[in-house]
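The basis for the numbers below is simple: all heavy atoms, side chains too, and nothing from hydrogens, waters or symmetry mates.
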Amino acid sequence: MDEERDLYMLMLRRMMLIREFEENVKQLVQRGELVGMAHCYIGEEAVAVGACAALRDDDYITGNHRSHGHPISKGGDVRRAMAELLGKATGYCKGKGGSMHLADFDIGILGESGIVASALPVAVGAAMGSKMQGNDRVVVAFFGDGASNQGACHEAMNLASIWKLPVIFLCENNQYAVTTSFKESVAVENISDRAIAYDMPGILVDGQDAMAMYEATTEAVRRGRAGEGPTLIEARTYRYEDHSEGLVRILRESYRTDEEVDAWRERDPIDVHSQWLVDQEIASQEEIEAVRQDVADTIAEALQFARESPYPEMDDLLNDMYADPLPVYN
């Protein structure tokens, strides 16, 4: 029971870490301190946290442009993540990758991509490698509802099913691909319904409930480790913010109502999990608030670390871009 309690409390902490991290990112963009695109994960925290809670450290994940929540959910270092966003040499990619390219191979984070759906074939390749090596690692490929319409997504699911690869295709259906509702771009009622075409289970899950995500992913992980092939999980969730920070101001129009956003906020994933912890007598409100304060201090320290870190040197610009030494083929 102590191990279970520790896991459930860790899930709470990681959701709060993501929320606090992203709230700071919003402010950095608004002040002009963070330059470039920033896609916030606010409102979707239960998806990645619940899924990654079912994984081992040596299991793999791949992500997408909305990529801050995935590494944090897998146990990533928030200091290195914040430094990367600010373009500092202490960041995950030494300040060269930015917001959409966080990676930490030591804990199975294979990286994210700003190219929609492009990380899914990477996940299939990693899963094929695991199978060829004879280990039981699984791979979770996070992607959005927009990516579910890309050819690379369907090619990846088809090949993974043919070869019975240990991949979990986890669609974070946050309702909109930029400003286009998935209801206007998906022919079936649920994205998970598409799984039948690839002879794999398709599961629709409440993406606001971290425990529901944990349970669904646990079963998918079991299937993958047992050699039973891939699973498609559709997490029905919602992003409170726009596709990227400041997008509505750029477009000069709105594509959803305040009432819709408010309705989803009533089932905030952090509140849902916190209430579950209280109801199950796992934690008190005082303990939950203590976690929240510790998280705020952790992110404040991460931001200070990032601000005080140096920028990369110009002489380091091309390092890590090519193999060193370059391979020679006869």
Nearest atoms (heavy-atom pairs only) where Leu102 meets Ser67: CD1-O, 4.0 Å

Closest contact, heavy atoms only, Cys153 versus Ser148: SG-CA, 3.9 Å

Evaluation steps, side chain to side chain contact (heavy atoms under 4.5 Å, CB included), between Ser73 and Val49: CA-CA 5 Å; Ser73 297; Val49 168; 3.3 Å; yes

Residue Asp279 excluded, over 12 heavy atoms near CG under 6.0 Å: yes

Main-chain N/O of Asp294 paired to Asp297 side chain as donor or acceptor, under 3.5 Å: no

Ser99 and its side chain to side chain donor-acceptor pair (under 3.5 Å) partner, picked from His68, Glu245, Glu84: His68

Thr218 side chain vs Tyr214 backbone, donor-acceptor pair below 3.5 Å: yes

N-O pairing of Glu234 and Arg194 below 4.0 Å: no

Path from Tyr198 to Ile162 over hydrophobic side-chain contacts below 4.5 Å: yes

Side chain to side chain contact (heavy atoms under 4.5 Å, CB included) between Thr298 and Met16, worked out: CA-CA 11 Å; Thr298 298; Met16 287 182 172; over 6 Å; no

Contact summary for Ala127 and Val167, nearest pair of heavy atoms: CB-CG2, 3.3 Å

N/O donor-acceptor pair under 3.5 Å between Asp77 side chain and Arg79 backbone: yes

Cation-pi geometry met for Arg265 and Tyr240 (6.0 Å, 45°): yes

Within 6.0 Å of CG in Asn135, more than 12 heavy atoms from elsewhere: yes

Neighbour count >12 (heavy atoms, 6.0 Å) for atom CD1, Ile196: no

Polar side chain donor-acceptor pair, Ser113 to Ser118, under 3.5 angstrom: yes

Plane angle bin for Tyr41 and His70 - parallel if under 30°, tilted between 30 and 60°, otherwise perpendicular: perpendicular

Pair Asp206 + Arg267, salt bridge at N-O below 4.0 Å: yes

Straight-line distance of Asn158 CG to Asp199 CG, nearest 0.5 Å: 10.5 Å

Least distance between heavy atoms, Val138 atom then Val221 atom: CG1-O, 4.0 Å

Candidate pair Arg222 and Glu228, rule salt bridge (Lys or Arg N to Asp or Glu O under 4.0 Å), full reasoning: CA-CA 9 Å; Arg222 184 204 64 75; Glu228 297 175 19; 3.3 Å; yes

Ile233 side chain reached by Glu219 side chain, heavy atoms, under 4.5 Å: no

Backbone N/O of Asp316 and side chain of Lys96: donor-acceptor pair under 3.5 Å: yes

hydrophobic_cluster_shared for Val124 and Ile168, side chain cutoff 4.5 Å: no

From Gln285 atom CD to Leu277 atom CG, the distance as rounded to the nearest 0.5 Å: 9.5 Å

Side-chain (Arg223) to main-chain (Pro230) donor-acceptor, under 3.5 angstrom: yes

Common cluster, Val205/Met157, ILVMFWY with side-chain heavy-atom separation under 4.5 Å: no

Transitive ILVMFWY side-chain link Ile282 to Leu7, under 4.5 Å: yes

Pairwise side-chain contact, Asn174 with Arg66, heavy-atom cut-off 4.5 Å (strictly under): yes

Inter-residue atom distance Arg5.CZ - Glu281.CD, 0.5 Å rounding: 12.0 Å

Separation between CG of Asp58 and CG of Asp106, rounded to the nearest 0.5 Å: 12.0 Å

Pairwise side-chain contact, Thr90 with Arg80, heavy-atom cut-off 4.5 Å (strictly under): no

Under 3.5 Å donor-acceptor, Lys88 side chain and Ala306 backbone: yes

Closest non-hydrogen atom pair, Gly63 against Ala119: O-CB, 3.1 Å

Derivation and outcome, side chain to side chain contact (heavy atoms under 4.5 Å, CB included), residues Asp268 and Arg19: CA-CA 11 Å; Asp268 184 276; Arg19 179 68 58 89; 2.9 Å; yes

Gap between atom CD of Glu260 and atom CD of Gln175 - 0.5 Å precision: 7.0 Å

Within-4.5 Å side-chain heavy-atom neighbours: Asp136 and Pro166: no

Donor-acceptor side-chain pairing of Asp242 and Tyr176 below 3.5 angstrom: no

Side chain to side chain, Arg239 and His39, heavy atoms closer than 4.5 Å: no

Spacing of Leu170 atom CG and Leu232 atom CG [to the nearest 0.5 Å]: 8.5 Å

Leu303 backbone acceptor or donor facing Glu308 side chain under 3.5 Å: no

Sidechain-backbone polar pair: Glu287 side chain, Ser284 backbone, donor-acceptor under 3.5 Å: yes

Distance-only polar pair, side chains of Tyr92 and His101, donor-acceptor under 3.5 Å: no

Minimum heavy-atom distance Ala283-Ile288, with the two atoms named: CB-CG1, 4.3 Å

Note, Asp104 side chain near Pro71 side chain (heavy atom, < 4.5 Å): no

Non-hydrogen side-chain atoms of Asn64 and Glu112 separated by less than 4.5 Å: no

Tyr60 side chain near Val140 side chain, heavy-atom distance below 4.5 Å: no

Side-chain (Lys74) to main-chain (Asp57) donor-acceptor, under 3.5 angstrom: yes

Residue Ile115 excluded, over 12 heavy atoms near CD1 under 6.0 Å: no

Parallel, tilted or perpendicular: rings of Phe169 and Phe143 (30°, 60°): perpendicular

Transitive ILVMFWY side-chain link Trp276 to Val291, under 4.5 Å: yes

Sidechain-backbone polar pair: Arg236 side chain, Gln208 backbone, donor-acceptor under 3.5 Å: no

Side chain to side chain contact (heavy atoms under 4.5 Å, CB included) evaluation trace for Arg256 with Tyr238: CA-CA 12 Å; Arg256 56 185 184 177; Tyr238 199 82; 3.2 Å; yes

